[in-house]
Amino acid sequence: MLKIYNTLTRKTEEFQTLEPNLVKMYVCGVTVYNDAHVGHAMSALVFDIIRRYLEYRGYTVRHVMNYTDVDDKIINRAKQLGEDPLKLSARYIADYAADLKSLNVLPATANPQVSQTMPLIIEFIQGLIQKGHAYAAANGDVYFSVTSDDDYGRLSGRKLDDMQAGARIEIGEAKTHPMDFALWKAAKEGEISWDSPWGKGRPGWHIECSAMNLAELGEQIDIHGGGNDLIFPHHENEIAQSECYTGKEFSRYWVHNGMLQLGGEKMSKSLGNIISIKEFLSKRSADVMRMLVLNGTYRAPLMFNDDTLDAAEKNVERLKSALRPARASLSEVEGTKGLSAESLSALASAADSAKANFTEAMDSDFNTAGAVAALFELSKFINTARDNGATAEQLSPAQATFSELAAVLGLKLEEKQGSSEQDAQVNALIAERNEARKQKQWKRSDEIRDQLKEMGVTIEDSKDGTTWRWG
RNA sequence: GGCGUCGUGGCCAAGUGGUAAGGCAAGGGUCUGCAAAACCCUCAUUCACGGGUUCAAAUCCCGUCGACGCCUCCA
């Protein structure tokens, strides 16, 4: 029984879909005007893991992630660069898609964009005006009326009265209530704009997600996700718009990831403490970033520093060790006995309980730290079996389970590969070293090992022979 | 000031009533010519602090202190 923490109720609830075996999941994507950073990566990874696990549990997942390609920041940046705003955003959309791919994040089933949802956005706003939830101001702006929605504030747990106390009152705006928010913004001179019943303009930030949800997934969805910095005002406003428009409950579960912390502070574009995804991947692997996320709790702040990254890197190496081949098959030693029937059945039951523990952990609000712990347990059994001389055939079922579970978490655990020429060169050096070792020429043997290390090759001697790998 | 999340060993962190998972680091060991990897052992009488409820609390309640997020664009 899968349980998910729901921000809306502040409780962990049993997960039940609107339609059997189908999950409609909408996750707020990014505003595309510069390089995405590792904080965005965290969010993408969290929902990729959730999606993969739901699929593992047998659901079909319709996973929608939007791109905000019409926005003040995009317009400003485009102005600076003298570029067309939609060309700029198209460039960064392609860029972000590439980042996600290199992070082994599965592509969403749909990636709607604001610029391509204009007719529905306008229709949506008109509907809200008709129902008395929105009003057009004299200057061409359209605002949502928060006082028209009795439930306003229920996601973030705020009351209108409380909010006004700390809210910065914007001057010169044509709002009836200070907390009213823009559905449509009248275009300024020379700005990109679309025609509407209220004159030329563009959508406010929140309406796009309500409209794209409706277009892609319908009136009601199962999961709405995003970073917890979006709870207010973005998601609060989405609920208000969608529920006032359809009269139905918008999303059953609201899932929010915690913020990535750099030096005790949230990493964000506005604070400027950014490490881009590309910069990260030039130094560490996609698996390391994913392991960092897996080691933590998706809802809690994630500590991002050299210590936690080094630990994550070690963790990845450790998991990789479970997938290394059996020694016996490499050694070409005749008459390898393999494991006893007893050890073999112990290995099989270790694989079974790893799977059970993995599922139990993931069922508890995606407890990835617990799921990874189950993999560590299994890797210990596999490695012990290998040390005890298990054959490739004997190791294979447990390794298959291990790979299957690792894949649910989206870990690749790939060993680096070299070209066949490089491999041949390494094999020749190892043959030479083995000859030297046979003659107890340790100096020469160690020279070759150092030379291989320079080339990026790690070697391991065992009684069955020498194995090596890149990295 | 308001709303919310949270405070577990040197570090990351699981655990929401029944007596502290896992990983990193550290120390010892097996193996090895040495190394590397793997494996084994050790490593919190205690869960921010102070009260309370209970046969029993890291887990529930109250209070205090502290951290972080949101209240303005933000994954």
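Residue numbering restarts at 1 for every chain, and letters A, B, ... go by the order of the sequence lines. Basis for what follows: all heavy atoms, side chains included, without hydrogens, waters or symmetry-related copies.
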Shorter than 3.5 Å, N or O on both sides, protein versus nucleotides 32-36 of chain B: list them out with atom names.
residue	atom	partner	partner atom	Å
G33(B)	O6	Arg433(A)	NH2	3.4
G33(B)	O6	Arg437(A)	NE	3.4
G33(B)	O6	Ser445(A)	OG	3.1
G33(B)	N1	Asp446(A)	OD1	3.0
G33(B)	N2	Asp446(A)	OD2	2.7
C34(B)	O2	Arg449(A)	NH1	3.4
C34(B)	O2	Arg449(A)	NH2	2.4
C34(B)	N3	Arg449(A)	NH1	2.7
C34(B)	N3	Arg449(A)	NH2	3.4
C34(B)	N4	Asp461(A)	OD2	2.8
A35(B)	N6	Asp461(A)	N	3.4
A35(B)	N6	Asp461(A)	O	3.0
A35(B)	N1	Asp461(A)	N	3.1
A35(B)	N3	Arg449(A)	NH1	3.1
A36(B)	N1	Asp461(A)	O	3.4

Protein-nucleotides 5-8 of chain B N/O pairs under 3.5 Å:
none

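Counting any heavy atom pair closer than 4.0 Å across all strands shown, Ile231(A) reaches no nucleic acid atom. If you check every strand for non-hydrogen atoms under 4.0 Å, Leu260(A) touches a base. Using a 4.0 Å heavy-atom criterion, one finds that Gly157(A) contacts the sugar-phosphate atoms exclusively. Among the protein residues, His256(A) comes within range of no part of the nucleic acid, since none of its heavy atoms lies under 4.0 Å from any strand. Nucleic acid contact class of Gln261(A) (heavy atoms, under 4.0 Å, all strands): sugar-phosphate only. Across all strands shown, Gly29(A) has heavy atoms under 4.0 Å from sugar-phosphate atoms exclusively, and none from any base. Across all strands, Lys73(A) comes closer than 4.0 Å to base atoms (heavy-atom distances).
Of the P atoms belonging to G18(B) and U72(B), the separation is 42 Å, rounded to the nearest Å. Going from the C1' atom of A13(B) to that of C47(B) covers 13 Å, rounded to whole Å. Look at the P atom in both A58(B) and U16(B): the space between them is 13 Å, to the nearest Å. Spacing between C3(B) and G10(B) at atom C1', rounded to whole Å, works out to 35 Å. Nucleotides C31(B) and A36(B) place their P atoms 16 Å apart, quoted to the nearest Å. C40(B) and G22(B) have their P atoms separated by 11 Å, with the value rounded to a whole Å.
Contacts between residues 378-387 of chain A and RNA chain B, defined by a heavy-atom separation under 4.0 Å, are made by Lys380(A), Asn383(A), Thr384(A), Asp387(A). Residues from residues 343-364 of chain A with heavy atoms under 4.0 angstrom of RNA chain B: there are none.
Here Arg444(A) pairs with Glu447(A) in a salt bridge; the nearest charged N to carboxylate O distance falls below 4.0 Å. A salt bridge is absent between Glu317(A) and Lys314(A); no separation between the charged side-chain nitrogens and carboxylate oxygens falls under 4.0 Å. Between Arg324(A) and Glu415(A) a salt bridge is recorded (basic side-chain N to carboxylate O distance below 4.0 Å). Salt bridge annotation for Lys278(A)-Asp95(A): present, with a cationic side-chain nitrogen under 4.0 angstrom from a carboxylate oxygen. Ionic pairing of Asp71(A) and Lys185(A) is not present here: no N-O contact between side-chain nitrogen and carboxylate oxygen is shorter than 4.0 angstrom.
Between Phe304(A) and Phe280(A), the two ring planes are tilted [angle within 30° to 60°]. Between Phe181(A) and His206(A), the ring planes lie perpendicular to each other; the angle is over 60°, past the 30° to 60° tilted range.
In this structure, CG of Leu45(A) is placed 15 Å from P of A75(B), rounded to the nearest angstrom. Atom C1' of nucleotide C71(B) and atom NZ of Lys266(A) are separated by 12 Å, given to the nearest angstrom. Whole-Å rounding puts the Leu294(A) CG to C12(B) P distance at 18 Å. Rounded to whole angstrom, the span from the NZ atom of Lys314(A) across to the C1' atom of A13(B) amounts to 17 Å. Regarding Arg318(A), its CZ atom lies at a distance of 13 Å from the C1' atom of A25(B), rounded to whole Å. Separating the CD atom of Glu236(A) from the C1' atom of G69(B) is a distance of 16 Å, rounded to the nearest angstrom. Between Asn237(A) atom CG and C71(B) atom P the separation is 12 Å, expressed in whole Å. If you measure from atom CG of Asn305(A) to atom C1' of G10(B), you get 13 Å, rounded to the nearest angstrom.
With distances taken from any side-chain atom of Glu377(A) to the nucleotides G22(B), A75(B), G15(B), the minimum falls on G22(B).
Remark: Arg51(A) engages Glu55(A), His63(A) in a side-chain hydrogen bond (donor to acceptor under 3.5 Å, both in side chains) (not counting sequence neighbours). Taking Ser462(A) as the reference, Arg327(A), Asp464(A) meet the side-chain contact (heavy atoms from CB on, under 4.5 Å) condition, with sequence neighbours excluded. Residues forming a side-chain hydrogen bond (donor to acceptor under 3.5 Å, both in side chains) with Ser321(A) (at least two apart in sequence, or on another chain): Asn383(A). Scored by the side-chain contact (heavy atoms from CB on, under 4.5 Å) test, Ser285(A) finds Asp287(A), Val288(A) as partners (sequence neighbours excluded). Scanning for salt bridge (Lys or Arg N to Asp or Glu O under 4.0 Å) contacts around Arg437(A) gives Asp461(A), with sequence neighbours left out. Legend: residues meeting side-chain hydrogen bond (donor to acceptor under 3.5 Å, both in side chains) with Tyr53(A), ordered by chain and number and at least two apart, are Arg57(A), Asp363(A). Scanning for salt bridge (Lys or Arg N to Asp or Glu O under 4.0 Å) contacts around Asp180(A) gives an empty result, with sequence neighbours left out.
For the pair Glu317(A) and Val38(A), both in contact range of RNA chain B, the more 5′-proximal nearest nucleotide belongs to Glu317(A). The residue among Thr308(A) and Phe376(A) whose nearest nucleotide of RNA chain B is located toward the 5' end is Thr308(A).
The nucleotide C68(B) finds its pairing partner in G4(B), both defining distances of the Watson-Crick or G-U wobble pair being shorter than 3.5 Å. Of all nucleotides present, only G29(B) satisfies the Watson-Crick or G-U wobble test against C39(B), with each distance under 3.5 Å. For C60(B), the paired base is G52(B) (Watson-Crick or G-U wobble, both distances below 3.5 Å). U16(B) is unpaired under the Watson-Crick or G-U wobble criterion, no partner having all donor-acceptor distances under 3.5 Å.
Checked by atom type and distance alone, the side chain of Asn6(A) never pairs as donor or acceptor with a backbone atom of Lys11(A) at under 3.5 Å.
Residues in residues 431-471 of chain A take part in these ring pair (Phe, Tyr, Trp, His ring centres under 6.0 Å) pairs, two or more places apart or across chains: Trp468(A)-Trp470(A).
Here the straight-line distance linking atom CD1 of Ile207(A) with atom CZ of Arg202(A) works out to 15.0 Å at 0.5 Å rounding.
Taking 4.0 angstrom as the limit, Asn295(A) places none of its side-chain polar atoms (N or O) nearer than this to OP1 or OP2 of G22(B).
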